[in-house]
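The model shown is predicted, which means the values in this text are computed figures rather than measured ones. The residues of the chain are indexed from 1 along the displayed sequence.
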Amino acid sequence: MSSVDERELAEVRMIEEGFRKAYEGDAEGVVDTFSSLRDFAVQLIHLDTTAEYEIDAKALIIAMGDIGKVTAEKGMEISSIASARALGEVAIEAADQERELLALKALSVLGNLALEFVREGMYSAAKSAAESLGNFGKASSRKEMEVLAGLSEVYIMQLSLKAMEENTSETWNAAVKLLGEIGASSAEQAMENCAVGAAILLEELGAAAARKRKEPQLKGVIQTLGKLGESLSQKGSKSALVQTVWALETLRVLALEYDMEAAGTAGKRELESLSTAGIPDEEQNLEKIQEIKEFHQRILRRS
């Protein structure tokens, strides 16, 4: 048997073992399997870029997500957390090695799995998935991979909305914080569109919280925007800064409209702390923001 055949056989056996242990409820065994699957996927990522290796790696990533879904359905929290971490590590490794298609596949599988965790009430696993998405987004921004960083923002936004629907504040808070961190990390790399995108998505999350009269969540978004604005100001990210200011003003007005005094006060305080001197003209910002919103809508429609 050739070395390639042996590798493929080992991959199939590993995947089969993962499914078997998941269906049997062997949580510790599944955790060990995810560790092995992650290591195997990383090995494939480091191999020469060929169609065969690409297909094998994608199949392995998809299988990791499918096993993760089984653990969620069976209420195996520890195993589900292991699946989120393993997929996140594979995605980051693929980005680090500039294997963009594999990174995209791992990100997609992780993002969909995160939503599955919330649907199944696996909130600790959902928080872990949010952290993995956030870490991937920041790693992508450091590699100046703008599309991947932007996609991670959209997946986190989707997860945040689902978390709000299910009233899981732990996942919501983690996701909102991470969205702001990706925006700040993008600004450090002069990736203006991703920084603007983070501010736009935070505004949408805050507006959703306001409409549902969830003041603590709205206040949290406002505070995250304020922190993001400080970072943007320091980095000279002017378009993102003006979008952040617009978002804060929008949310401040919404807070007052829905009689959320504490959130309105927080919005005013954050606005007063930010300076928009030297920002680009309004027309230029509107064009940039519209382009990014259209990008977000395309991704959401595909999802």
Test applied, side-chain contact (heavy atoms from CB on, under 4.5 Å); reference residue, Leu232; option that passes from Leu274, Val242, Val196, Thr244: Thr244

Side-chain donor-acceptor contact under 3.5 Å, Glu146 with Gln189: no

Taking only distance into account, with no hydrogens and no angle test, what donor-acceptor pairs under 3.5 Å do side-chain atoms of residues 262-271 form with protein atoms, sequence neighbours excluded?
unit_1: Thr265; atom_1: OG1; unit_2: Glu261; atom_2: O; d: 3.0

Tell me which donor-acceptor pairs under 3.5 Å the side chains of residues 120-136 have, and how far apart each pair is, sequence neighbours excluded?
unit_1: Ser132; atom_1: OG; unit_2: Ala84; atom_2: O; d: 3.1
unit_1: Ser132; atom_1: OG; unit_2: Ser128; atom_2: O; d: 3.3
unit_1: Asn135; atom_1: ND2; unit_2: Glu131; atom_2: O; d: 3.2

Side chains of Leu205 and Leu161 in contact at under 4.5 Å (non-hydrogen atoms): yes

Inter- and intrachain pairs under side chain to side chain donor-acceptor pair (under 3.5 Å), touching residues 173-187, at least two apart: Lys138-Glu181, Ser141-Ser185, Lys177-Glu181

Over 12 foreign heavy atoms within 6.0 Å of CD, Glu24: yes

pair Leu256-Met260: side-chain heavy atoms closer than 4.5 Å: no

Hydrophobic cluster (4.5 angstrom, side-chain heavy atoms) - remaining members for Ile81: none

Same apolar cluster: Val42 and Leu60, side chain cutoff 4.5 Å: no

Heavy-atom neighbours of Glu165 CD exceed 12 at 6.0 Å: yes

N-O pairing of Lys227 and Glu230 below 4.0 Å: no

Closest non-hydrogen atom pair between Leu241 and Gly229, with its separation: CD1-O, 3.7 Å

Side chains of Ser35 and Val31 in contact at under 4.5 Å (non-hydrogen atoms): no

Any donor-acceptor N/O pair, Ser152 side chain to Ala149 backbone, under 3.5 Å: yes

Distance-only polar pair, side chains of Ser237 and Glu192, donor-acceptor under 3.5 Å: yes

Salt bridge Arg20-Glu16, side-chain N to carboxylate O under 4.0 Å: no

Shared hydrophobic cluster for Met191 and Ile92 (ILVMFWY, side-chain gaps under 4.5 Å): no

Pairing of Lys21 and Glu17 as salt bridge, 4.0 angstrom limit: yes

Any donor-acceptor pair under 3.5 Å from Ser160 side chain to Ala175 backbone: no

Within 6.0 angstrom of Leu47 CG, more than 12 heavy atoms from elsewhere: yes

Summary of side chain to side chain donor-acceptor pair (under 3.5 Å) pairs that have at least one residue in residues 66-75, sequence neighbours excluded: Thr71-Ser80

Pairs involving residues 82-97, ordered by first then second residue, that meet salt bridge (Lys or Arg N to Asp or Glu O under 4.0 Å) (sequence neighbours left out): Arg38-Glu89

